[in-house]
Amino acid sequence: MRRFSAEYLEHTRRGMWEDGRDALADLKLASREHVLDVGCGTGELTRVLAAEADGAGEPDANVIGVDADPELLSVAREAERGTDAGARIDYLAGDATRLPVGDDAVDLAVCQALLINLPDPAAAVRDLARVSSDLIAAVEPDNADVRVASTVDAEERLEREAREAYVDGVDTDVALGDRVREAFDAAGLVDVRTRRYVHEKRTEPPYAEAALRSAARKASGAGLADHREELVAATSEAAYDDLRGRWREMGREVAAAIDGGEYERVEYVPFDVTVGRVK
């Protein structure tokens, strides 16, 4: 399984559920008593599930986040302190294909941006089905279909170039999208349905601190360097160095536009919510 830093997860998942949670409607969270969030990372979705799962009665719903990275779980536990969710949240260390809970232990097992990072996503789906007595759900992006609109022309062009190389060079299926349903069907799930949504990540004045950090990472080339291995695998060392030089120049344009209060950017990230019922 591919590993990520807490900073990277915060950047890629920032604001995903702030504008609305209609994409979670098919999970029927208000009726859930035991929910499992697999590959929870720093717990962004875990806390959303807890806030939405009021429970069918007393006590409130129990929500468990599972991740293989203990450092991410530490961040999740710290972030959970002080939240006002009625549901109880626990975190466990564990592998997505060998979950540390028993058969039929929960009535909903969920994952977000997990299957795209696994060499064998079908194995994880089978274990999700093992631990759930009712529904499983996967929220997975289609990274090949991400679009960017920016007031800095070079940003759109370079984002597209880098994204295409990344999708070609990465060793897992990061464009899984609605094909998750194939793994659900293979696992014997029934009533499988998929809905597509688009998350819009906007940057505009007044600029948040996260936007300033992102611009600085562009100007230094650090953001591109996060995916150096995949980009080199798809192209070459020389092609990567050339792209990084052009990327840094673009980043300086972005920083200058921010200084002038003229920078705007929208990233459109399509994701599919696939839900299936255990027989």
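From a predicted model like this one, the values you see are computed outputs, not experimental measurements. Worth knowing before you read on, the calculation uses all heavy atoms, side chains too, and leaves out hydrogens, waters and symmetry mates.
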Indicate the atoms forming the closest heavy-atom contact of [X] with [Y], along with that distance.
{"X": "A234", "Y": "A165", "answer": "CB-O, 3.1 Å"}
{"X": "T97", "Y": "A124", "answer": "CG2-N, 3.8 Å"}
{"X": "L114", "Y": "G39", "answer": "CD1-CA, 4.0 Å"}
{"X": "L243", "Y": "L224", "answer": "CG-CD2, 3.8 Å"}
{"X": "S132", "Y": "L108", "answer": "OG-N, 3.9 Å"}
{"X": "A96", "Y": "V38", "answer": "CB-CG1, 3.8 Å"}

Say whether [X] and [Y] are linked into one hydrophobic cluster, either directly or through other cluster members, by side-chain heavy-atom distances under 4.5 angstrom.
{"X": "V269", "Y": "W17", "value": "no"}
{"X": "V152", "Y": "V266", "value": "no"}
{"X": "L158", "Y": "V146", "value": "no"}
{"X": "L212", "Y": "Y263", "value": "yes"}

Rounded at 0.5 Å granularity, tell me how far [atom1] in [X] sits from [atom2] in [Y].
{"X": "E156", "Y": "M250", "atom1": "CD", "atom2": "CE", "result": "11.0 Å"}
{"X": "I136", "Y": "R126", "atom1": "CD1", "atom2": "CZ", "result": "11.5 Å"}
{"X": "D26", "Y": "L135", "atom1": "CG", "atom2": "CG", "result": "9.0 Å"}
{"X": "T46", "Y": "Y91", "atom1": "OG1", "atom2": "OH", "result": "4.5 Å"}
{"X": "D259", "Y": "Y207", "atom1": "CG", "atom2": "OH", "result": "9.0 Å"}
{"X": "E159", "Y": "W247", "atom1": "CD", "atom2": "CH2", "result": "4.0 Å"}

> Would R147 count as a cation-pi partner of Y268, with NZ or CZ less than 6.0 Å from the six-membered ring centre and within 45° of the ring normal?
Replying inline: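 Yes, R147 lies over the aromatic ring of Y268.
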Would you say the side-chain atoms of [X] pair up with the backbone N or O of [Y], donor to acceptor, closer than 3.5 Å?
{"X": "E140", "Y": "V180", "value": "no"}
{"X": "R244", "Y": "R228", "value": "no"}
{"X": "R32", "Y": "A61", "value": "no"}
{"X": "R196", "Y": "T194", "value": "no"}
{"X": "T172", "Y": "I116", "value": "yes"}
{"X": "T203", "Y": "E264", "value": "no"}
{"X": "D67", "Y": "L73", "value": "no"}
{"X": "D90", "Y": "I64", "value": "no"}

>> With salt bridge (charged side-chain N to carboxylate O under 4.0 Å, His left out) as the test, pick out the partner of E52 among R47, K28, R21.
In response: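 The salt bridge (charged side-chain N to carboxylate O under 4.0 Å, His left out) with E52 is passed solely by R21 among R47, K28, R21.
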> Can you list the other members of the hydrophobic cluster that holds V148, where links are side-chain heavy atoms under 4.5 angstrom apart?
Replying inline: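 So far as hydrophobic clustering goes, V148 is joined with none.
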>> For R277, is there an ion pair with D134 - N to carboxylate O distance below 4.0 angstrom?
In response: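 R277 and D134: salt-bridged.
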> In terms of side-chain geometry, is the basic nitrogen of D127 or R130 positioned less than 4.0 Å from the acidic oxygen of its partner?
Replying inline: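 Judged by the 4.0 Å cut-off on N to carboxylate O distance, D127 and R130 do form a salt bridge.
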Are side-chain heavy atoms of [X] and [Y] found at a separation under 4.5 Å?
{"X": "L128", "Y": "C111", "result": "yes"}
{"X": "R246", "Y": "E161", "result": "yes"}
{"X": "V174", "Y": "Y166", "result": "yes"}

>> Before you tell me yes or no, could you show the steps for K218 and E155 under side-chain contact (heavy atoms from CB on, under 4.5 Å), namely the whole-Å CA-CA distance, both residues' side-chain angles and the distance that decides it to 0.1 Å?
In response: CA-CA 10 Å; K218 283 186 173 74; E155 185 170 24; 2.9 Å; yes
> Is there a donor-acceptor contact under 3.5 Å linking the side chains of D272 and T274?
Replying inline: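 No, because no side-chain N or O of D272 sits under 3.5 Å from a partner of the opposite role on T274.
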>> Can you confirm whether D22 is buried at CG, in the sense that more than 12 heavy atoms of other residues, nucleotides or ligands lie under 6.0 Å from that atom?
In response: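 For D22, atom CG is not crowded (no more than 12 foreign heavy atoms under 6.0 Å).
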> Just wondering, are more than 12 heavy atoms of other shown residues or ligands nearer than 6.0 Å to CD in E204?
Replying inline: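 For E204, atom CD is crowded (more than 12 foreign heavy atoms under 6.0 Å).
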> With sequence neighbours excluded, what pairs up with Y197 under the ring-ring contact (aromatic ring centres under 6.0 Å, His included) test?
Replying inline: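 Scan of Y197 (ring-ring contact (aromatic ring centres under 6.0 Å, His included), adjacent residues dropped) gives F271.
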>> Quick one, D178 with D142, criterion side-chain contact (heavy atoms from CB on, under 4.5 Å). Give me CA distance, side-chain angles, the key distance, then yes/no.
In response: CA-CA 8 Å; D178 61 0; D142 182 347; over 6 Å; no
>> side-chain contact (heavy atoms from CB on, under 4.5 Å) for V106 and V101? Distances and angles first, verdict last.
In response: CA-CA 9 Å; V106 300; V101 295; 5.5 Å; no
